[in-house]
Amino acid sequence: MANNGILISGAGIAGPALAYWLRKQGFAVTIVERAPAPRPGGQTVDLRGAGRTVIERMGLMERVRAESVDQRGLALVDGAGRTTARVPADSFGGEGIVSEIEILRGDLARLLYEATLPDTEYLFDDTLTHLDQDADGVTVTFEKAAPRRFGLVVGADGPHSVVRALAFGPESECVRPLGLYTAWFTATSLDLDLDGWYLMHNAPGGLVASARPGRLPGELKAGFSFRTAEPLVYDRRDTAAQRALVAERFARVGWETPRLLRAMHTATDFFFDSMGQVRLDRWSRGRVVLLGDAGYCATPLTGLGTSLALVGAYVLAGELGAAGGDHRRALGRYDTVLRPYVDQAQELPPGGASGYAPSGRLGIWLRDLSMRSMTRWPLRNLLAAQFAKAGDIALPEYALAEGAATAFVR
């Protein structure tokens, strides 16, 4: 008997978005997620271009706008807190460095999760440990749940994807590191007047300290980033060691850094990771396919990760429905339709990691100068093309087959 069940690994943004559209195409959907429940909070994510269109087609735009974070734009500050450059959020038609619509990652994930209920099965506090493909489907072994069969398995589990590791190979063969590391966390009860701006301070050595408004009163979202020539070896589970590493790097940095470091040590949502782009020649292996950051992470430097996840989910589900159960045809079309959009999105802004985190004082001064000139010719035209990538795809109109028992064929 043909199997129309699809397993998605990851309940962040890409996974639930895909589940929503797959249910519209008549597939049975299960999502497995390592966390014990939907993850709350997190940093803000940009909703841009075609990603907005997908949210509109889901009928969620009104709710997204109601929960978006109010930010005036990006402002660079020196060690004394003086503003050296500003780029308002309404620059470039609301598609600039700070998007017109920014929402906490956890809030967007929750809205998408709620949109999939009650028709999507969730397996929280679990993960995959083995995949065994054959002509008719995939036998999946879980860490906790009993083994099950699915017609297709989707890895939507981020840049350190478990599914990708099982089906495609080690992370070192799939990820191109940028030599940039970032820590994010939420600070509360910190008397720091942002005046609605996303404040960023650069210090020599490729160091970046930042703070931006949260959605709740008295809450701000803080970050520390730094560049390094050599890859760091660290335990991804040892947050105490990660906090100590960040504190050592930023011990002599000015502005509000000492207060932000103190807040970091007590933050309950501290997160530290390297930045790298996932680059693959193909996003599927047999009946296993990758979505979002797992398959084509562009890094936060592009501001397009959320749009790639939403658009990728929409296209993958649409092509699976249109292919009448022929997964080979569907996954080939998924690559054909999405690849040009991904390739453009993965092009880093001018300067890349060094533009975001200059090493020396001259580089910082030049970056401030370019930021002040960003809304004027000729930089405006150059950057407008960069920001326009978010909408540079003609989204297909897929026929919906909600309730149909679509099944995969051999």
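Given the structure is predicted, the values throughout are model-derived calculations rather than measurements. One-based numbering along the sequence shown.
Across all non-hydrogen atoms, the minimal contact from R285 to R282 is NE-NH2, 3.0 Å. Here the closest heavy-atom approach between residue A50 and residue V311 is recorded as CB-CG2, 3.6 Å. The two residues A14 and L291 come nearest to each other via the heavy atoms O-CD2, 3.6 Å. Taking every heavy atom of both residues into account, C297 and G276 meet most closely at SG-O, 3.5 Å. When all heavy atoms of I8 and A19 are compared, the closest pair comes out as CD1-N, 3.9 Å. Closest heavy-atom contact between A167 and L131: CB-CD1, 4.4 Å.
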After noting the C-alpha distance and the side-chain angles of L60 and L112, does the key distance pass the side chain to side chain contact (heavy atoms under 4.5 Å, CB included) rule?
-> CA-CA 8 Å; L60 294 176; L112 293 169; 3.9 Å; yes

Apply the test side chain to side chain donor-acceptor pair (under 3.5 Å) to residues S359 and R227: give CA-CA distance (whole Å), side-chain angles for both, the deciding distance (0.1 Å), then the verdict.
-> CA-CA 8 Å; S359 296; R227 290 169 58 203; 3.1 Å; yes

Going through the distances and angles, do L190 and E256 end up as a side chain to side chain contact (heavy atoms under 4.5 Å, CB included)?
-> CA-CA 10 Å; L190 188 63; E256 297 287 352; over 6 Å; no

Could you walk me through whether D78 and T84 pass the side chain to side chain donor-acceptor pair (under 3.5 Å) check?
-> CA-CA 7 Å; D78 63 14; T84 59; over 6 Å; no

Could you go step by step and tell me if L308 and V342 meet the side chain to side chain contact (heavy atoms under 4.5 Å, CB included) rule?
-> CA-CA 7 Å; L308 287 176; V342 169; 4.0 Å; yes

Verify side chain to side chain contact (heavy atoms under 4.5 Å, CB included) between V29 and T116, making sure each step is shown before the conclusion.
-> CA-CA 10 Å; V29 184; T116 66; over 6 Å; no

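For the pair R110 and D107, the minimum side-chain heavy-atom distance is below 4.5 Å. The shortest side-chain heavy-atom distance between S91 and P88 falls under the 4.5 Å cut-off. Side-chain atoms of I393 and P340, non-hydrogen and from C-beta on, never get closer than 4.5 Å to each other. Counting heavy atoms from C-beta on, the side chains of W21 and R23 never come closer than 4.5 Å. The shortest distance between side-chain heavy atoms of V162 and R34 does not fall below 4.5 Å. Counting only heavy atoms from C-beta outward, the side chains of W255 and S210 never approach each other to under 4.5 Å. When side chains are defined from C-beta on, Y181 does not count as touching R249, because their heavy atoms never get closer than 4.5 Å. Residues D335 and L331 are not in side-chain contact: their nearest non-hydrogen atoms beyond the backbone lie 4.5 Å or more apart.
Between R149 and D134 there is a salt bridge, since at least one side-chain N of the basic residue sits less than 4.0 Å from a carboxylate O of the acidic one. Salt bridge E102/K221: absent, no basic N to carboxylate O contact under 4.0 Å. Between R72 and D195 a salt bridge is recorded (basic side-chain N to carboxylate O distance below 4.0 Å).
Checked by atom type and distance alone, the side chain of N4 pairs as donor or acceptor with a backbone atom of G26 at under 3.5 Å. Judged by distance alone, the side chain of D90 and the main-chain N or O of E100 form no donor-acceptor pair under 3.5 Å. Looking only at distances, no side-chain donor or acceptor of E67 sits under 3.5 Å from a matching main-chain atom of L111. Panel note: side chain Q346, backbone V278; a donor-acceptor pair is recorded below 3.5 Å. Side chain of D132 to backbone of T139: no donor-acceptor contact under 3.5 angstrom is found. T266 contributes a side-chain N or O that, together with a main-chain N or O of A263, makes up a donor-acceptor pair within less than 3.5 Å. A side-chain donor-acceptor contact under 3.5 Å links T129 to the backbone of T141. Counting only distance, with no hydrogens or angles, the side chain of D126 and the backbone of V32 share no donor-acceptor pair below 3.5 Å. Within the 3.5 Å criterion, the main-chain N or O of L47 finds a donor-acceptor partner in the side chain of S99. Of the possible polar contacts, one joining the Q242 side chain to the D235 backbone as a donor-acceptor pair under 3.5 Å is found.
Rounding to the nearest 0.5 Å gives a distance of 8.5 Å between CD of E33 and OG1 of T127. Interatomic distance, CD1 of I13 versus CZ of R105, reported as 5.5 Å (0.5 Å rounding). Between atom CZ of residue R148 and atom CG of residue L7 there is a gap of 7.5 Å, rounded to the nearest 0.5 Å. From L369, atom CG reaches atom CD1 of I364 across 13.5 Å, with rounding to the nearest 0.5 Å. From L320, atom CG reaches atom CG of L22 across 6.5 Å, with rounding to the nearest 0.5 Å. The CE atom of M275 sits 5.0 Å away from the OG atom of S225 when rounded to the nearest 0.5 Å.
Applying the ring pair (Phe, Tyr, Trp, His ring centres under 6.0 Å) test to Y296 and every residue at least two apart in sequence or in another chain returns W283. With sequence neighbours excluded, the residues that form a side chain to side chain donor-acceptor pair (under 3.5 Å) with Y314 are R57. Residues satisfying the salt bridge (charged side-chain N to carboxylate O under 4.0 Å, His left out) criterion with D293, sequence neighbours excluded, are absent altogether. Partners of R176 under the salt bridge (charged side-chain N to carboxylate O under 4.0 Å, His left out) rule, at least two apart in sequence or in another chain, do not exist in this structure.
Ring geometry for F250 versus F224: interplanar angle of 30 to 60°, hence tilted.
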What pairs of donor and acceptor atoms, side-chain ones from residues 197-208 against any protein atom, are under 3.5 angstrom apart with sequence neighbours left out?
unit_1 : atom_1 : unit_2 : atom_2 : d
H201   : ND1    : V77    : O      : 3.0
N202   : OD1    : R367   : NH2    : 2.3
N202   : ND2    : Y356   : O      : 3.1

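Judged as a ring-ring contact (aromatic ring centres under 6.0 Å, His included), the pairs with a partner in residues 122-144 (not counting sequence neighbours) are, in order, Y113-Y122, Y122-F124.
Of the listed residues (V289, L152, L316, V153), just one forms a side chain to side chain contact (heavy atoms under 4.5 Å, CB included) with I6, and that residue is L152. With V45 as the partner, the side chain to side chain contact (heavy atoms under 4.5 Å, CB included) test is satisfied by one option alone out of V69, L108, L104, I101: L108.
The number of heavy-atom neighbours closer than 6.0 Å to CZ of R339, taken from other residues, nucleotides and ligands shown, is above 12.
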